Q: 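Can you read through this structure? Questions will come right after.
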Amino acid sequence: MKKLFAGLMMFTLIFGVSFVGSAFASGDEVKLIDSDLSVMYKNGYVGFSGNIDVANLGPVKNVTVHYTTDDTNWYDTAASYVGPADVNREKWHFGISRTDSSKDHLELKDPKFIKFAIKYEVNNQIYWDNNGGRIITMKSIVHIH
């Protein structure tokens, strides 16, 4: 009886430690490393870029930046795989830009801000980095004439 009780206690302890470890690991699946908003009015260039760190949870994945420049219309741009960050993590990069002569990304024409969140899809799961629910915001403050 003592051996059965000791075995049950050991199983409970091991299971409990495994469960707690996985619970603490959640929430670190995707995170913004850095981002940049460049605005140069002389030639009408606007660029928005950044780097993302994701946990390597599976071989097939999508990393997308979901953004707005007016709090009404939302757009998506795909991030591209850069390479491994370490044995269990990967680095991804996103970037979009336009000039006055460009017909693409009209939403970037003279932005006052860009708000965005990062969406990571892997193994039929979706993970977000949305700055703790406050959405990541960058304001256009660089003016080069």
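Every value quoted in this text rests on a predicted model; they were computed, and no experiment measured them.
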Q: Would you say the side-chain atoms of His93 pair up with the backbone N or O of Gly50, donor to acceptor, closer than 3.5 Å?
A: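 Yes; judged by distance alone, with no hydrogens or angles, the pair exists.
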
Q: Does the side chain of Asp110 come within less than 4.5 Å of Thr69's, by heavy atoms?
A: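 They are not in side-chain contact.
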
Q: Could you check whether any side-chain N or O of Asp53 sits under 3.5 Å from a backbone N or O of Lys31, counting only pairs where one atom can act as donor and the other as acceptor?
A: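 No.
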
Q: Donor-acceptor pair, Arg98 side chain versus Leu108 backbone, under 3.5 Å?
A: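 No; judged by distance alone, with no hydrogens or angles, the pair does not exist.
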
Q: Answer yes or no: is there a side-chain heavy-atom contact under 4.5 Å between Thr68 and Ile135?
A: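 Side-chain contact under 4.5 Å: no.
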
Q: Would you say Trp92 and Val30 make side-chain contact, with heavy atoms under 4.5 Å?
A: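 Heavy-atom side-chain distance check fails, nothing below 4.5 Å.
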
Q: Just by distance, no angles: are the side chains of Asp36 and Ser38 close enough, under 3.5 Å, to form a donor-acceptor pair?
A: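 On atom types as modelled, these side chains qualify, holding a pair under 3.5 Å.
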
Q: Would you say the side chain of Ser97 lies within less than 4.5 Å of the side chain of Tyr45, judging by non-hydrogen atoms?
A: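 The answer is yes, as the side chains (C-beta and beyond) meet within the 4.5 Å cut-off.
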
Q: Pairs under 3.5 angstrom only: tabulate donor-acceptor contacts from the side chains of residues 72-83 to other protein residues two or more places apart or in another chain.
A:
{"residue": "Asn73", "atom": "ND2", "partner": "Asp70", "partner atom": "OD2", "Å": "2.9"}
{"residue": "Asp76", "atom": "OD1", "partner": "His66", "partner atom": "ND1", "Å": "2.6"}

Q: Could you grab the distance from atom CD1 of Ile114 to atom OH of Tyr67, nearest 0.5 Å is fine?
A: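 One finds 7.5 Å between CD1 of Ile114 and OH of Tyr67.
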
Q: Could you list the donor-acceptor pairs under 3.5 angstrom formed between side-chain atoms of residues 116-125 and any protein atom two or more places apart in sequence or on another chain?
A:
{"residue": "Tyr120", "atom": "OH", "partner": "Ala55", "partner atom": "O", "Å": "2.5"}
{"residue": "Asn123", "atom": "ND2", "partner": "Leu57", "partner atom": "O", "Å": "2.6"}

Q: Looking at residues at least two apart in the chain, or sitting in another chain, which of them share a side chain to side chain donor-acceptor pair (under 3.5 Å) with Lys61?
A: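 Counting only residues at least two positions away or on another chain, Lys61 forms a side chain to side chain donor-acceptor pair (under 3.5 Å) with Asn56, Glu90.
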
Q: Report yes if some heavy atom in the side chain of Lys115 is under 4.5 Å from a heavy atom in the side chain of Asp71; otherwise report no.
A: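 A side-chain contact under 4.5 Å exists here.
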
